[in-house]
Amino acid sequence: MASTAYTVTDAHAKVHVIDLSLPDEEAQAAILHACVTTGFFYVSNHNVLEEVIEEHWLQNKAFFNLPLEDKLTIVADSNNRGYTPMAEQTLDPDHQSQGDTKEGLYFGREVPADSEEAKLPLHGPNQWPPEALLPGYKAAMNTYMDAVRNLADRLLPLIAMALRLPSNFFDLYFHKPIGTLRPLHYNAQMSLPDEGIYGAGAHTDWGVLTILATDENPGLQVFSGGKWAHVKPVPGTFIINLGDMLERCCCCHLHMWGRAVPGLHALCACNCFQPLCSLHLSMLVACLPSVSGDAFMAFGNKMSTSLLMVFRGAAYCICLSITLKCYSQVCTHPP
């Protein structure tokens, strides 16, 4: 893929493809432009090996093909690690007539059960399918998570620079992040928006950054230009979208509404990254005082003097997510 940033257009969705082999100055400028339009962009030349991605797909297909009773042996625990059954989640209850037509898994950074860190909320060991049942599954997921974490470490400095901050601004807060891998399987039920049936209802993602891999089946839609539009899979890329935390920091100048409307079996894998460590369990996620006015670039030039105020101590924990219900008080829900 050529070393440039270009646009993929499909049914009115214009999603930029950003080549990470570009010089930082060009890449961060392309990211800034994408962030103030759709809040979604593709990245190419991301250095995640194709064989790592393919092995991760093969292993997850094998898991989701298991009998339900086998999958339920690792049902999600209090730390949100493990299996979630079909229709367990309803992302947009005000507009859905049934649960999302998907099943999934949650994995995170491995934290030993007997460690001090395991006393923190949502920290602990992962639940894995038995090696005898799915040989190589755990190794494949860990290899994939490590590779995507490296990609996140490449993207965060570019986002910082796009916001007129030092490139290492996020380093402290992502020393021990919550990095959640969420393999998802959508069943073959057709999504029918007029009847409130969705693979995944309209939602935003928590945290700062989501790195999304999809198979060849379409289904992702983004809300752009006042309408929902399809985003087609592009081989050799990941789809990146911004999370609630980053949009909240920028007073909704950044955008990132999405939903899934597959009509056939489809797989995807979401990696959500957010800052969380023992020193920052309570973080105030607030709009930046300098973010005002109509022009995003007007506050971009002032960003470095105010973004430090975002990650300060607070009396409550809001670092995991700003939920859809709460966030709709800040940003209008798409129709």
First locate atom [atom1] of [X], then atom [atom2] of [Y], and finally report the distance between them rounded to the nearest 0.5 Å.
X: Phe107; Y: Tyr144; atom1: CZ; atom2: OH; result: 13.0 Å
X: Lys232; Y: Leu220; atom1: NZ; atom2: CG; result: 13.5 Å
X: Thr180; Y: Asn80; atom1: OG1; atom2: CG; result: 7.5 Å
X: His46; Y: Asp19; atom1: NE2; atom2: CG; result: 10.0 Å
X: Lys119; Y: His123; atom1: NZ; atom2: NE2; result: 14.0 Å

Taking the side chain as every heavy atom from C-beta outward, state whether [X] and [Y] have any atom pair closer than 4.5 Å.
X: Asp24; Y: Leu158; result: yes
X: Phe63; Y: Leu134; result: yes
X: Pro125; Y: Val111; result: no
X: Asp70; Y: Leu68; result: no
X: Ser44; Y: Ile18; result: no

Checklist entry - Which one of Glu88, Gln89, His185 satisfies the side chain to side chain donor-acceptor pair (under 3.5 Å) criterion with Lys102? => result Gln89
Side chain [X], main chain [Y], donor-acceptor under 3.5 Å:
X: Gln96; Y: Tyr198; result: no
X: His33; Y: Ile31; result: no
X: Glu131; Y: Gly136; result: yes
X: Ser115; Y: Ala118; result: yes
X: Ser191; Y: Gly199; result: yes
X: Gln127; Y: Arg81; result: yes

Checklist entry - Distance only, no hydrogens: is a donor on one side chain within 3.5 Å (strictly under) of an acceptor on the other, for Thr84 and Arg182? => result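 Side chains of Thr84 and Arg182: pair found under 3.5 Å.
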Item to check | Check: Tyr106/Asn126 side-chain N/O donor and acceptor closer than 3.5 Å | outcome: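 No donor-acceptor contact under 3.5 Å links the two side chains.
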Would you say [X] and [Y] are hydrophobically clustered, going by side-chain heavy atoms of ILVMFWY under 4.5 Å?
X: Leu72; Y: Leu133; result: yes
X: Leu49; Y: Val43; result: yes
X: Trp128; Y: Leu58; result: no
X: Ile53; Y: Ile240; result: yes
X: Met141; Y: Leu151; result: yes

Do you know the tightest heavy-atom contact between [X] and [Y]?
X: Phe40; Y: Val15; value: O-CG1, 3.8 Å
X: Leu91; Y: Ala200; value: CD1-CB, 3.8 Å
X: Gln28; Y: Ala162; value: OE1-CA, 3.2 Å
X: Leu20; Y: Asn45; value: CB-O, 3.6 Å
X: Asn79; Y: Gly124; value: ND2-CA, 4.1 Å
X: Ala160; Y: Ser167; value: CB-O, 4.2 Å

Item to check | Trace of the side-chain contact (heavy atoms from CB on, under 4.5 Å) decision for Asn168 with Phe170 | outcome: CA-CA 6 Å; Asn168 65 350; Phe170 292 111; over 6 Å; no
Next on the checklist: For Glu116, I'd like to know if atom CD has over 12 heavy atoms of other residues, nucleotides or ligands within 6.0 Å.
Outcome noted: no
Item to check | Worked verdict on Lys71 versus Glu103 for salt bridge (charged side-chain N to carboxylate O under 4.0 Å, His left out) | outcome: CA-CA 10 Å; Lys71 291 183 281 192; Glu103 58 182 334; 3.0 Å; yes
Checklist entry - Can you check salt bridge (charged side-chain N to carboxylate O under 4.0 Å, His left out) on Lys61 and Asp215, steps first, answer last? => result CA-CA 11 Å; Lys61 286 177 182 177; Asp215 64 10; 5.9 Å; no
Next on the checklist: My understanding is that only residues two or more places apart in sequence, or in another chain, count here; which of them pass ring pair (Phe, Tyr, Trp, His ring centres under 6.0 Å) with Phe41?
Outcome noted: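 Phe41: no ring pair (Phe, Tyr, Trp, His ring centres under 6.0 Å) contacts found.
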Item to check | Criterion side chain to side chain donor-acceptor pair (under 3.5 Å) on Asn60 and Tyr137, from CA distance to verdict | outcome: CA-CA 8 Å; Asn60 278 313; Tyr137 184 89; 2.6 Å; yes
Next on the checklist: Please determine whether side-chain contact (heavy atoms from CB on, under 4.5 Å) holds for the pair Met145 and Val148, giving the CA-CA distance in whole Å, both sets of side-chain angles, and the decisive distance to 0.1 Å.
Outcome noted: CA-CA 5 Å; Met145 284 193 286; Val148 176; 6.0 Å; no
Next on the checklist: Applying side-chain contact (heavy atoms from CB on, under 4.5 Å) to Leu184 and Leu105, what does each step give before you reach the verdict?
Outcome noted: CA-CA 7 Å; Leu184 296 170; Leu105 289 153; over 6 Å; no
Item to check | Check against salt bridge (charged side-chain N to carboxylate O under 4.0 Å, His left out), Arg109 and Glu117 | outcome: CA-CA 11 Å; Arg109 185 169 52 82; Glu117 194 178 4; 2.6 Å; yes
Next on the checklist: Assess the residue pair Tyr83 and Thr73 against the criterion (side-chain contact (heavy atoms from CB on, under 4.5 Å)); give the C-alpha distance rounded to whole Å, side-chain angles, the decisive distance to 0.1 Å, and a yes or no.
Outcome noted: CA-CA 8 Å; Tyr83 173 68; Thr73 61; over 6 Å; no
